[in-house]
Amino acid sequence: MDALDTLLLSRLQFAANITFHILFPTISIALGWVLLFMRWRWLRTGHTAWLGAWRLWTKVFALTFALGVVSGVTMSFQFGTNWPGFMARAGNIAGPLLGYEVLTAFFLEATFLGVMLFGHGRVSERMHLVANFLVAFGTTMSAFWILSLNSWMQTPQGHTLINGEVHAVDWLAVVFNPSFPYRLTHMLLASGLTVAFLLTGLAASQVLRGRANAATPKVLRLGVTLAAVLIPIQILAGDLHGLNTLKHQPAKIAAMEGIWHTERGAPLLLMAWPNEAEQRHDWAIGIPRLGSLILTHELDGEIQGLSAFEGAHPPVKPVFFAFRIMVATGMLMLAVSWLAWWRLRRTGWRTEVTGPRWLWRALALMTFSGWVATVAGWYVTEIGRQPYLVYGVLQTADLVTTTPAATVAWSLGGYLVLYVGLLLAYVAVLRYLASKPLDAAGPDPIVPGMTPEQGLTQQGA
């Protein structure tokens with residue numbers, strides 16, 4: 001019983017850590033590229049509003065990056081404290097991939113982040129733009145390596161087992177495992193959507209609080225347009241990811257869709273209450289055959305049920321409900337972004353509070369919708385892999401620490417208190433920054449009206 005409690009508590013602790021950690025890379029990955037765009041628009045147009053927007057959002061990026069680093073380090077510690085068996089048996093794969101992330105991504109973004117934050121007016125505009133690019137590129141490379149490792153844990157290949165330990169035999173196969181392209185694409189798009197709604201949400205809050213400035217319409221238009229473009233692409237990417245998951249992790253699909261027994265023409269369950277003990281739904285609302293059509297692209301496509309994976313399928317309720325939260329949030333994103341783009345385009349992207357106040361409220365409420373969808377999606381991914389830590393290779397229960405359950409419970413409680421406090425502080429700081437006047441002051445060699453060529457050659461490249 002004590003071992004079971006330790007397993008459950010260790011899983012909850014890692015879930016708490018990854019839930020908190022993933023919030024910040026989800027913003028920083030795409031925000032780096034948004035900052036590069038803002039910086040380029042400033043050089044291109046000379047409009048100080050773009051410079052003010054860049055300065056505000058670099059502060060957001062710096063804060064986000066710092067919290068992402070701290071929570072990432074804490075999370076990596078748990079490989080040793082809570083999951084020593086994982087590093088002992090799969091460290092030959094996990095160690096190098098995590099090392100590549102540090103060497104090729106973290107060092108790059110950490111080094112040039114200093115130039116990006118403090119180098120404006122001290123280095124040439126060309127060098128400063130390059131620093132912006134390298135920071136954005138570094139965040140994307142970080143996602144590349146982390147998602148490569150996570151994807152290998154979901155769809156492992158390119159390895160062999162020697163005395164119970166995993167060893168790489170083909171690093172290309174390890175890195176570019178079957179689910180990696182889909183997971184990387186899905187995550188990058190999720191980051192873009194998270195940042196898009198964060199931009200629009202804070203801009204809408206500025207309007208509602210009477211704090212709109214010259215940068216607000218530009219940020220609003222950028223965010224709404226980005227969201228409206230990315231969400232249909234994300235839906236397509238999600239469909240392709242689903243087909244890949246059906247091929248390599250059919251038990252996860254069965255849990256996501258609540259399919260108990262193998263069947264053809266499976267319905268799409270919009271909502272239901274799974275009863276795992278009796279392998280049925282206590283009540284359900286569904287559309288006949290649509291589940292098979294979406295999953296297999298055939299009305300009578302066969303979907304394996306959970307009964308085909310007796311003792312080797314994930315818990316149904318967390319995966320089932322998390323998947324529906326993710327999809328429902330995505331559909332809401334689609335509706336709000338398209339409606340906002342249509343409505344605000346008609347008004348010339350004006351931000352007067354006398355305009356569509358209901359729309360400002362809707363956008364403000366959607367500020368952190370990207371977080372909701374991303375966390376729900378990660379729960380589907382990670383819980384859906386159970387009972388394996390490395391799918392089909394290493395079981396979770398075999399790799400957990402022997403630390404007493406009481407010790408894990410104390411550390412879990414400490415993490416939860418700390419993370420709730422940090423998250424509330426982070427949101428409060430974002431609201432404070434959004435309420436400040438437009439900041440386009442400070443040392444800057446560029447003046448409005450200067451051409452891009454003049455801007456890039458100012459101070460000498």
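Although no hydrogens or angles enter the test, the distance criterion places no donor-acceptor pair under 3.5 Å between the side chain of Gln157 and the main chain of Trp152. In terms of modelled atom types and a separation under 3.5 Å, the side chain of Trp338 and the main chain of Ala228 share a donor-acceptor contact. Under the 3.5 Å distance criterion, the side-chain polar atoms of Asp170 are matched with a main-chain donor or acceptor of Leu172. Side-chain atoms of Asn92 come within 3.5 Å of backbone N or O of Val166 as a donor-acceptor pair. A donor-acceptor pair under 3.5 Å is absent between the side-chain atoms of His261 and the main chain of Gly305, judged by distance alone. With hydrogens and angles ignored, the 3.5 Å screen pairs a side-chain donor or acceptor of Thr58 with a backbone N or O of Arg55. For the pair Thr374 (side chain) and Trp371 (backbone), a donor-acceptor distance under 3.5 Å is absent. A donor-acceptor pair under 3.5 Å is formed between the side chain of Arg385 and the backbone N or O of Leu389. Counting only distance, with no hydrogens or angles, the side chain of His128 and the backbone of Met116 share a donor-acceptor pair below 3.5 Å. For Arg264 (side chain) and Asp300 (main-chain N/O), a donor-acceptor pair under 3.5 Å exists by modelled atom type.
Minimum heavy-atom separation, Ser337 to Val224: O-CG1, 3.7 Å. The heavy-atom pair separating Ser191 from Thr26 by the smallest distance is OG-O, 2.5 Å. Counting all heavy atoms, side chain and backbone alike, Ala251 lies closest to Pro314 at O-CD, 4.0 Å. Taking both residues in full, the closest heavy atoms of Leu269 and Ala284 are given as CD2-CB, 4.0 Å, listed atom of the first, atom of the second, then distance. The minimum heavy-atom distance between Gly72 and His21, with the atom names listed, is N-ND1, 3.2 Å. Across all non-hydrogen atoms, the minimal contact from Val219 to Ala53 is CG2-CB, 3.8 Å.
Annotation: the span from Glu276 atom CD to Leu306 atom CG amounts to 7.0 Å, rounded to 0.5 Å. Here the CZ atom belonging to Phe61 is positioned 8.0 Å from the CG atom belonging to Leu117, to the nearest 0.5 angstrom. One finds the CG atom of Leu147 at 9.5 Å from the CG atom of Leu149 (value rounded to the nearest 0.5 Å). Remark: Gln13 CD to Thr401 OG1 distance equals 10.0 Å, nearest 0.5 Å. Put simply, CG on Leu23 and OG1 on Thr194 are 9.0 Å apart, with the number rounded to the nearest 0.5 Å. The CD1 atom of Ile93 lies 11.5 Å from the CG atom of Leu98; values are rounded to the nearest 0.5 Å.
There is a side-chain donor-acceptor pair under 3.5 Å between Glu125 and His120. Checking Trp33 against Thr140 by side-chain atom types alone, a donor-acceptor pair falls below 3.5 Å. Between the side chains of Glu101 and Ser142, at least one donor N or O sits under 3.5 Å from an acceptor N or O. Judged purely by distance below 3.5 Å, without hydrogens or angles, the side chains of Thr381 and Gln154 never pair a donor atom with an acceptor atom. Under 3.5 Å, the side chains of His297 and Asp239 contain a donor-acceptor pair of N or O atoms. In this model, a donor atom of one side chain and an acceptor atom of the other lie less than 3.5 Å apart for Asn150 and Glu382. Side-chain contact check for Ser307 and Gln279: no donor-acceptor pair (N or O, by modelled atom type) lies under 3.5 Å.
Under the side-chain contact (heavy atoms from CB on, under 4.5 Å) rule, Thr329 has a single partner from Val372, Leu334, Leu193, which is Val372. The only member of Thr245, Asn244, Asn177 that meets side-chain hydrogen bond (donor to acceptor under 3.5 Å, both in side chains) when paired with Thr155 is Asn177.
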Item to complete: Run the numbers on Val175 and Tyr100 for side chain to side chain contact (heavy atoms under 4.5 Å, CB included), then give the verdict.
Response: CA-CA 11 Å; Val175 173; Tyr100 297 154; 5.8 Å; no

Fill in: Candidate pair Ile287 and Leu270, rule side chain to side chain contact (heavy atoms under 4.5 Å, CB included), full reasoning
CA-CA 8 Å; Ile287 302 174; Leu270 302 178; 4.3 Å; yes

Fill in: Stepwise ring-ring contact (aromatic ring centres under 6.0 Å, His included) test for Trp273 and Phe320
CA-CA 9 Å; Trp273 190 261; Phe320 182 85; 9.2 Å; no

Practice prompt. Would you please test Val393 and Met153 for side chain to side chain contact (heavy atoms under 4.5 Å, CB included) and show each step?
Written response: CA-CA 9 Å; Val393 179; Met153 294 167 67; over 6 Å; no

Worksheet item: side chain to side chain donor-acceptor pair (under 3.5 Å) between Thr45 and Arg41: does it pass, once the steps are laid out?
Response: CA-CA 6 Å; Thr45 66; Arg41 287 297 293 163; 5.2 Å; no

Discussion item. Using the rule given for side chain to side chain contact (heavy atoms under 4.5 Å, CB included), can you reason through Arg11 versus Gln386, listing the C-alpha separation, both sets of side-chain angles and the distance that settles it, and then say yes or no?
Written reply: CA-CA 11 Å; Arg11 288 182 60 193; Gln386 298 303 318; 3.3 Å; yes

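At a threshold of 4.5 Å between non-hydrogen side-chain atoms, the residues Phe309 and Pro250 count as touching. Considering only heavy atoms from C-beta on, Phe14 comes within 4.5 Å of Trp83 through its side chain. Contact annotation: the side chain of Leu198 approaches that of Leu430 to within less than 4.5 Å [non-hydrogen atoms, C-beta and beyond]. Here the side chains of Leu363 and Leu220 are in contact, with some heavy-atom distance below 4.5 Å. Between Thr200 and Met366 there is no side-chain heavy-atom pair separated by less than 4.5 Å. Residues Leu129 and Leu36 are in side-chain contact: their nearest non-hydrogen atoms beyond the backbone lie under 4.5 Å apart. Counting heavy atoms from C-beta outward, Thr139 and Pro25 have side chains that stay 4.5 Å or more apart. Looking at heavy atoms from C-beta onward, Val34 lies in side-chain contact with Leu31 at the 4.5 angstrom threshold.
Classification of Arg324 and Glu257 as a salt-bridged pair holds, one side-chain N sitting under 4.0 Å from a carboxylate O.
Note on ring orientation: taking the six-membered ring where Trp is involved, the planes of His281 and Trp260 are tilted (angle from 30° to 60°). Between Tyr391 and Tyr388, the angle of the ring planes goes over 60°, which puts this pair in the perpendicular group of the 30/60° scheme. In this pair, Phe133 and Phe137 present their aromatic rings parallel. The plane angle is below 30°, not in the 30 to 60° band. Between Phe65 and Phe106, the ring planes lie parallel to each other; the angle is under 30°, not in the 30° to 60° tilted range. Phe180 and Phe144 have perpendicular rings, their planes meeting at more than 60° on a 0 to 90° scale where under 30° would count as parallel.
The aromatic ring centres of Tyr426 and Phe24 sit less than 6.0 Å apart.
Counting non-hydrogen atoms of neighbouring residues, nucleotides and ligands closer than 6.0 angstrom, the CH2 atom of Trp171 exceeds 12 such neighbours. Enclosure of atom CZ in Arg221 is not indicated, since only 12 or fewer non-hydrogen atoms of other residues, nucleotides or ligands lie within 6.0 angstrom. Within 6.0 Å of the OH atom in Tyr419, the count of heavy atoms belonging to other residues, nucleotides or ligands exceeds 12.
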